[in-house]
Amino acid sequence: MDKAFFEERMERLRNRTDRDRQLGPELVEMETSQIRKIRRKRQKLLNLEMAKCSKKIQHQDEQKTQERIHQEKNRFQKICRGNS
């Protein structure tokens with residue numbers, strides 16, 4: 001790693017922070033909020049999938065859990081597309 005690499009890296013970071021300032025804090029906050037929503041939905045889907053597997057192992061009916069997974073996947077896709 002040489003000095004030119006670090007200088008180039010620092011310049012890219014400066015440009016990125018300048019660009020973020022131009023966008024305004026509202027847009028940056030909105031993007032952060034969107035990321036949080038996506039993470040929460042992803043975690044919820046993971047928990048539902050685990051519950052479904054647990055019910056399969058215990059030989060219980062998993063139909064309700066499967067329906068909830070389907071609903072959450074649809075919501076997750078809407079959030080990822082930006083439709084909130």
Side-chain angles (χ1 to χ4, degrees):
M1 307 252 174
D2 58 345
K3 185 178 179 182
F5 172 78
F6 287 115
E7 288 175 353
E8 181 182 326
R9 174 84 176 156
M10 290 299 293
E11 188 61 33
R12 282 187 292 182
L13 289 172
R14 284 187 196 109
N15 290 338
R16 183 170 38 171
T17 56
D18 290 343
R19 186 189 71 223
D20 290 346
R21 286 185 193 132
Q22 291 171 352
L23 292 175
E26 300 86 16
L27 185 58
V28 172
E29 182 62 32
M30 184 180 70
E31 290 173 357
T32 304
S33 171
Q34 195 74 2
I35 291 169
R36 284 190 201 123
K37 283 181 184 179
I38 290 171
R39 284 183 184 158
R40 282 193 303 260
K41 288 295 179 187
R42 190 181 314 154
Q43 185 63 42
K44 193 168 193 173
L45 276 169
L46 180 63
N47 290 340
L48 286 171
E49 290 287 348
M50 288 175 21
K52 179 182 138 189
C53 291
S54 176
K55 288 189 179 197
K56 265 188 182 177
I57 290 170
Q58 297 171 2
H59 302 289
Q60 295 177 353
D61 185 26
E62 73 228 26
Q63 189 63 30
K64 288 182 182 179
T65 307
Q66 185 63 34
E67 290 172 9
R68 287 187 63 205
I69 289 172
H70 181 70
Q71 291 171 350
E72 288 299 322
K73 280 185 180 179
N74 287 339
R75 291 178 187 145
F76 180 75
Q77 289 172 350
K78 281 183 181 179
I79 289 173
C80 288
R81 280 186 259 135
N83 297 340
S84 293

Donor-acceptor list for residues 48-58 side chains, cut-off 3.5 Å, not counting sequence neighbours:
from	atom 1	to	atom 2	distance (Å)
Lys52	NZ	Gln66	OE1	3.1
Gln58	OE1	Gln60	NE2	3.2

Quiz prompt | Gln43: side-chain hydrogen bond (donor to acceptor under 3.5 Å, both in side chains) partners, not counting sequence neighbours | solution = Asn47

Exercise. With rounding to the nearest 0.5 Å, note down the distance linking CD1 in Ile69 to CG in Leu46.
Key: 10.0 Å

Quiz prompt | Among Arg42, Arg40, Arg36, side-chain contact (heavy atoms from CB on, under 4.5 Å) partner for Ile38 | solution = Arg42

Quiz prompt | salt bridge (charged side-chain N to carboxylate O under 4.0 Å, His left out) pairs, two or more places apart, involving residues 60-72 | solution = Lys41-Glu72, Lys44-Glu72, Glu72-Arg75

